[in-house]
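Before I ask anything, here is the structure I am working with.
All figures in this text were calculated on a predicted structure; none of them were measured in a lab.
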Amino acid sequence: MTSSDKPGTAADAPTETTGTAGTPGSAGATPVASRDWESAAADPQYRAAVVDLLGALAYGELAAFERLAEDAKLAPTLADKAELAKMASAEFHHFERLRDRLAEIGEEPTGAMEPFVAAYDGFHKQTDPSDWLEGLVKAYVGDSIASDFYREVAARLDTDTRELVLAVLDDTGHAGFAVEKVRAAIDADPRVGGRLALWARRLMGEALSQSQRVVADRDALSTMLVGGVADGFDLAEVGKMFSRITEAHTKRMAALGLAA
């Protein structure tokens with residue numbers, strides 16, 4: 001996945017206190033974010049939430065690999081084609097790490113990914129780029145919104161899972177590449193900026209809707225987010241989280257030379 005602006009809270013473990021096995025409100029207990037996987041996974045609800053999270057991420061990385069490989073066909077030069085192929089390879093490596101981790105903890109990777117296929121495929125179907133520049137903006141803006149969301153969630157995870165999630169969200173190089181190419185296109189023809197700004201706004205709406213649908217459809221994930229499992233967000237913090245994601249999106253739009 002690609003990301004350029006990383007919300008400051010995402011890498012910081014929360015300070016709220018949770019009980020053993022992720023039970024909220026047990027004063028003095030060790031927060032999930034300070035424990036390792038073996039300890040945290042003793043809670044079956046927490047384990048289910050992490051399996052869902054890893055399954056969603058794994059399919060997201062696989063879909064990103066497929067999309068970048070497809071977008072390479074639209075590249076105007078051989079150098080651009082090669083650059084996208086390199087990024088696609090990085091996304092596939094991220095997928096392999098997630099797939100292997102699911103197998104390592106005793107979960108069947110395909111089964112973990114299956115519940116998220118429809119949501120991801122629906123998003124990509126609704127946001128199929130019509131040209132090279134739209135493809136670049138989609139990878140830069142759309143994937144970054146998803147990365148911001150997962151980084152926020154990662155701050156509440158056990159140390160082992162958090163390390164893996166943050167590693168697979170590392171920028172594959174697409175951010176700088178997209179900014180350079182899009183800004184050059186706008187400099188060459190300023191009219192391009194208006195079209196791409198509208199496209200980016202559509203991506204923002206679709207990406208946020210997709211994230212909300214995925215969480216709503218999976219009980220373990222939604223329970224984690226609202227504080228029933230692990231060091232979850234309260235409802236006010238959920239609103240703040242989406243505000244931070246929106247602010248990061250605005251910064252990315254500015255980097256592209258587009259109006260948010």
Side-chain angles (χ1 to χ4, degrees), residues 1-5 7 49 51-74 84 87-88 90-92 94-95 98-99 109-154 165 168-172 174-175 178 182 195-222 225 238 241-242 244-246 248-250 252-253 256 258 260:
M1 284 189 180
T2 60
S3 182
S4 58
D5 300 303
V51 170
D52 272 354
L53 183 67
L54 297 183
L57 275 169
Y59 189 71
E61 295 291 347
L62 184 59
F65 159 73
E66 292 178 322
R67 193 190 65 250
L68 285 171
E70 189 68 20
D71 287 352
K73 297 177 183 178
L74 301 174
L84 282 190
M87 294 172 193
E91 299 287 13
F92 191 76
H94 289 166
F95 159 72
L98 291 159
R99 178 200 63 193
T110 302
M113 290 189 288
E114 188 63 37
F116 308 100
V117 172
Y120 272 104
D121 287 357
F123 170 73
H124 289 304
K125 184 177 180 180
Q126 291 294 325
T127 57
D128 188 28
S130 63
D131 61 19
W132 160 251
L133 290 174
E134 286 190 2
L136 288 179
V137 171
K138 178 179 176 179
Y140 178 57
V141 172
D143 284 0
S144 293
I145 293 167
S147 291
D148 286 347
F149 172 75
Y150 287 122
R151 285 179 184 280
E152 293 276 359
V153 175
V165 169
V168 300
L169 294 177
D170 275 350
D171 181 21
T172 60
H174 209 119
V182 171
R195 173 171 68 86
L196 293 180
L198 289 173
W199 172 244
R201 290 187 198 113
R202 178 181 169 192
L203 290 169
M204 174 70 172
E206 291 287 350
L208 288 178
S209 294
Q210 181 222 30
S211 297
Q212 292 165 345
R213 282 196 301 270
V214 166
V215 171
D217 287 346
R218 304 299 294 177
D219 289 343
L221 275 180
S222 60
L225 277 180
V238 170
M241 174 185 72
F242 282 108
R244 289 191 293 269
I245 292 172
T246 301
H249 168 73
T250 301
R252 291 191 187 98
M253 292 286 281
L256 288 170
L258 301 175

Worksheet item: Under 3.5 Å, side chain of Lys138 to main-chain N/O of Thr127, donor-acceptor pair present?
Response: yes

Worksheet item: Going by heavy atoms in the side chains, are Met87 and Leu84 under 4.5 Å from each other?
Response: yes

Response to the item:
Rounded to the nearest 0.5 angstrom, the CG-NE2 distance for Leu57 and His94 is 11.0 Å

Item to complete: If a pair satisfies salt bridge (charged side-chain N to carboxylate O under 4.0 Å, His left out) and one of its residues is in residues 117-132, list it, with sequence neighbours excluded.
Response: Asp131-Arg195

Worksheet item: Can you check side-chain contact (heavy atoms from CB on, under 4.5 Å) on Arg201 and Leu198, steps first, answer last?
Response: CA-CA 5 Å; Arg201 290 187 198 113; Leu198 289 173; 3.2 Å; yes

Fill in: Minimum heavy-atom distance between Ala112 and Val51, given as atom pair plus value
CB-CG1, 4.0 Å

Practice prompt. Using the side-chain contact (heavy atoms from CB on, under 4.5 Å) rule, take Leu256 and Arg252 through it: C-alpha gap first, then chi angles, then the decisive distance, then the call.
Written response: CA-CA 6 Å; Leu256 288 170; Arg252 291 191 187 98; 5.7 Å; no

Discussion item. I need the minimum non-hydrogen distance between Met113 and Tyr59, along with the two atoms involved.
Written reply: SD-N, 3.7 Å

Discussion item. Using 0.5 Å steps for rounding, measure from the CZ atom of Arg67 to the CD atom of Glu91.
Written reply: 7.5 Å

Worksheet item: Just wondering, do Pro129 and Trp199 contact through their side chains at under 4.5 Å, heavy atoms?
Response: yes

Practice prompt. Start with the C-alpha distance between Ile145 and Phe149, add both sets of side-chain angles, then the distance that settles side-chain contact (heavy atoms from CB on, under 4.5 Å), and finish with yes or no.
Written response: CA-CA 6 Å; Ile145 293 167; Phe149 172 75; 5.9 Å; no

Worksheet item: At what distance, to the nearest 0.5 angstrom, does CZ of Phe116 lie from CG of Leu53?
Response: 8.0 Å

Worksheet, complete the sentence: On a heavy-atom basis, the closest approach of Ala207 and Gly142 is CB-O, 4.4 Å

Fill in: Atom pair CD1/OG of Ile245 and Ser144 - distance to nearest 0.5 Å
11.5 Å

Practice prompt. Give the minimum heavy-atom separation between Ala154 and Val165, together with the two atoms involved.
Written response: CB-CG1, 3.9 Å

Worksheet item: Partners of Glu70 by salt bridge (charged side-chain N to carboxylate O under 4.0 Å, His left out), sequence neighbours excluded?
Response: Lys73

Item to complete: Please name all residues satisfying side chain to side chain donor-acceptor pair (under 3.5 Å) with Glu66, sequence neighbours left out, ordered by chain then number.
Response: none

Discussion item. Among residues at least two apart in sequence or on other chains, which ones pass ring pair (Phe, Tyr, Trp, His ring centres under 6.0 Å) with Phe92?
Written reply: Phe65, Phe95

Worksheet entry | side chain to side chain donor-acceptor pair (under 3.5 Å) partners of Asp71, counting only residues at least two apart | none

Worksheet entry | Residue that, paired with Arg244, satisfies side chain to side chain contact (heavy atoms under 4.5 Å, CB included) out of His249, Glu152, Arg151 | Glu152

Discussion item. Can you list everything that forms a side-chain contact (heavy atoms from CB on, under 4.5 Å) with Pro109? Sequence neighbours excluded, please.
Written reply: Arg99, Leu102, Ala103

Worksheet entry | Heavy-atom closest pair, residues Ala64 and Asp143 | CB-OD2, 4.4 Å

Worksheet item: Are any side-chain N or O atoms of Tyr120 and backbone N or O atoms of Ala56, one a donor and one an acceptor, separated by less than 3.5 Å?
Response: yes

Worksheet entry | Nearest heavy-atom neighbours spanning Glu61 and Leu98 | CG-CD1, 3.8 Å

Discussion item. Just verifying a value: how many Å separate Leu196 CG and Leu203 CG, rounded to the nearest 0.5 Å?
Written reply: 10.0 Å

